[in-house]
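Inspection log for the structure reproduced underneath, given as structure tokens.
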Amino acid sequence: MSQLQAPALLEPYAPAPAGPGRDALRPLPGVAGRRILVVDGGGDDALADQLRRHGHDPVGVRQGGAALQAYGSADLVLLDLDLPDLDGLEVCRAIRATSRVPVIILTARQSEIDCVLGLQAGADDYVTKPYRFRELAARIEAAMRRTRWQPLAAGAQEIRHGRLRIDAGSREVSVGGSRVVLTRKEFDLLCLLAQHPDTVVPRKQLLQQVWGGSWSRRTVDTHVSSLRGKLGGSGWIVTVRGVGFMLGEG
């Protein structure tokens, strides 16, 4: 099995010390736990603590470069625009170029033009500071609901990757001209990987977008193993340890 070492993520924020009234807070109704990457130049421990107390799993980074290494394993990104190494808009564009992970800009920049630029850079939402946490939590859930995978953009009916050919219209796959018969889920899994060449697709994202998140981690492994056998080699799907999978060269 082909394997690559995944880039190390920074450690999650440490929990804030207990204080009066903390036990009285409960997760918001209907809010499911998400792995949220908090990209904040000042290191907003208070925000991470609030996210954790409402059932989420926050991971914090302070620089744009670190964010570009870490976003692949996140369910959602909260992105500050004022970072010490890169402008947040540049980080947003780079994420959006290779991923559909929801990005919410969380910034002190309040002008209309900044908001427009943020949305044009690919952000799903734009929230200015100061803000109320419950509103932010609602916007997080709204962004997650809007995130739906579509097999191919309109008009893009075929993917070619070396000897691999995927016809989205007929749902047919061939390798070197020889047809490969796949199940519906095998096809959806391969198509998703092929839409993101040279990009690691996290295991959780595969589960959510191909199976609706209702199956176990073992489901992905089983289908990947089956796909490798049908495509004719383990090199077609590369395992990136601790993160997910990416399309290989066969």
Side-chain angles (χ1 to χ4, degrees), residues 1-4 6-7 32 34-37 68-77 93-103 122 124 143-176 179-250:
M1 180 183 297
S2 301
Q3 294 185 329
L4 297 175
R34 313 287 187 185
R35 185 170 179 84
I36 297 179
L37 178 64
L68 294 178
Q69 289 186 322
Y71 76 87
S73 62
D75 296 316
L76 181 137
V77 178
R93 292 189 192 99
I95 292 175
R96 188 55 70 235
T98 60
S99 173
R100 295 187 181 183
V101 62
V103 177
D124 295 270
M144 295 302 303
R145 287 195 300 270
R146 291 194 297 267
T147 303
R148 295 292 185 270
W149 171 62
Q150 298 178 352
L152 282 178
Q157 291 296 309
E158 183 178 279
I159 299 176
R160 290 185 178 272
H161 185 83
R163 297 182 298 118
L164 177 66
R165 175 182 176 272
I166 301 172
D167 188 319
S170 63
R171 295 180 68 85
E172 292 184 351
V173 174
S174 62
V175 176
R179 184 179 177 187
V180 179
V181 179
L182 303 179
T183 67
R184 183 168 63 90
K185 291 301 184 184
E186 288 171 349
F187 179 88
D188 291 344
L189 174 59
L190 179 63
C191 193
L192 177 55
L193 293 173
Q195 286 184 77
H196 302 280
D198 304 317
T199 300
V200 180
V201 181
R203 183 190 301 270
K204 182 179 290 187
Q205 183 179 345
L206 293 172
L207 277 170
Q208 289 176 339
Q209 296 183 349
V210 177
W211 286 273
S214 58
W215 298 80
S216 69
R217 290 168 55 91
R218 186 62 182 168
T219 299
V220 178
D221 295 333
T222 300
H223 282 76
V224 166
S225 178
S226 177
L227 268 176
R228 285 171 172 151
K230 291 183 177 182
L231 294 175
S234 61
W236 279 114
I237 303 179
V238 179
T239 301
V240 181
R241 190 186 302 275
V243 181
F245 303 91
M246 64 185 296
L247 192 66
E249 299 298 328

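The structure presented is a predicted model; accordingly, all values stated were derived computationally and were not measured.
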Open item on the list: Going by salt bridge (Lys or Arg N to Asp or Glu O under 4.0 Å), name the residues that satisfy it together with Arg184, two or more places apart in sequence or in a different chain.
Closed with: none
TODO: Report the residues that fulfil salt bridge (Lys or Arg N to Asp or Glu O under 4.0 Å) with Arg93, sequence neighbours left out, ordered by chain and then residue number.
DONE: none
Are the side chains of [X] and [Y] in touch, meaning some heavy atoms are under 4.5 Å apart?
X	Y	answer
Leu182	Leu227	yes
Leu206	Leu193	yes
Val201	Phe245	no
Glu186	Val210	no
Val101	Ile95	yes

Task: Residues forming a side chain to side chain donor-acceptor pair (under 3.5 Å) with Arg160, sequence neighbours excluded - done: Glu158
Task: Residues which pass side chain to side chain donor-acceptor pair (under 3.5 Å) with Ser225, listed by chain and number, not counting sequence neighbours - done: none
Minimum heavy-atom distance [X]-[Y], with the two atoms named:
X	Y	answer
Cys191	Ile166	CA-CD1, 4.4 Å
Thr239	Arg228	OG1-NH2, 2.9 Å
Asp124	Pro102	OD2-CA, 3.2 Å
Ala194	Pro197	O-CD, 3.3 Å

Suppose we screen for side chain to side chain contact (heavy atoms under 4.5 Å, CB included). Which residues come up paired with [X], at least two apart in sequence or across chains?
X	value
Ser174	Arg165
Val200	Val240, Val243, Met246
Ala94	Leu68
Thr222	Arg218

- [ ] Using the salt bridge (charged side-chain N to carboxylate O under 4.0 Å, His left out) rule, pick out the option among Lys204, Arg203, Arg34 that qualifies with Asp75.
- [x] Lys204
- [ ] Decide yes or no on side-chain contact (heavy atoms from CB on, under 4.5 Å) for Val224 and Leu189, but give the supporting numbers first.
- [x] CA-CA 8 Å; Val224 166; Leu189 174 59; 4.0 Å; yes
TODO: Would you please name every residue forming a ring-ring contact (aromatic ring centres under 6.0 Å, His included) with His161, sequence neighbours left out?
DONE: none
Task: Residues Leu164, Val180; criterion side-chain contact (heavy atoms from CB on, under 4.5 Å); working and verdict - done: CA-CA 10 Å; Leu164 177 66; Val180 179; over 6 Å; no
Task: Inter-residue atom distance Gln195.CD - Leu247.CG, 0.5 Å rounding - done: 11.5 Å
Task: side-chain contact (heavy atoms from CB on, under 4.5 Å) between Asp188 and Arg171, intermediate numbers included - done: CA-CA 9 Å; Asp188 291 344; Arg171 295 180 68 85; 2.9 Å; yes
- [ ] For the pair Trp236 and Leu190, evaluate side-chain contact (heavy atoms from CB on, under 4.5 Å) and give the outcome as yes or no after the intermediate values.
- [x] CA-CA 10 Å; Trp236 279 114; Leu190 179 63; over 6 Å; no
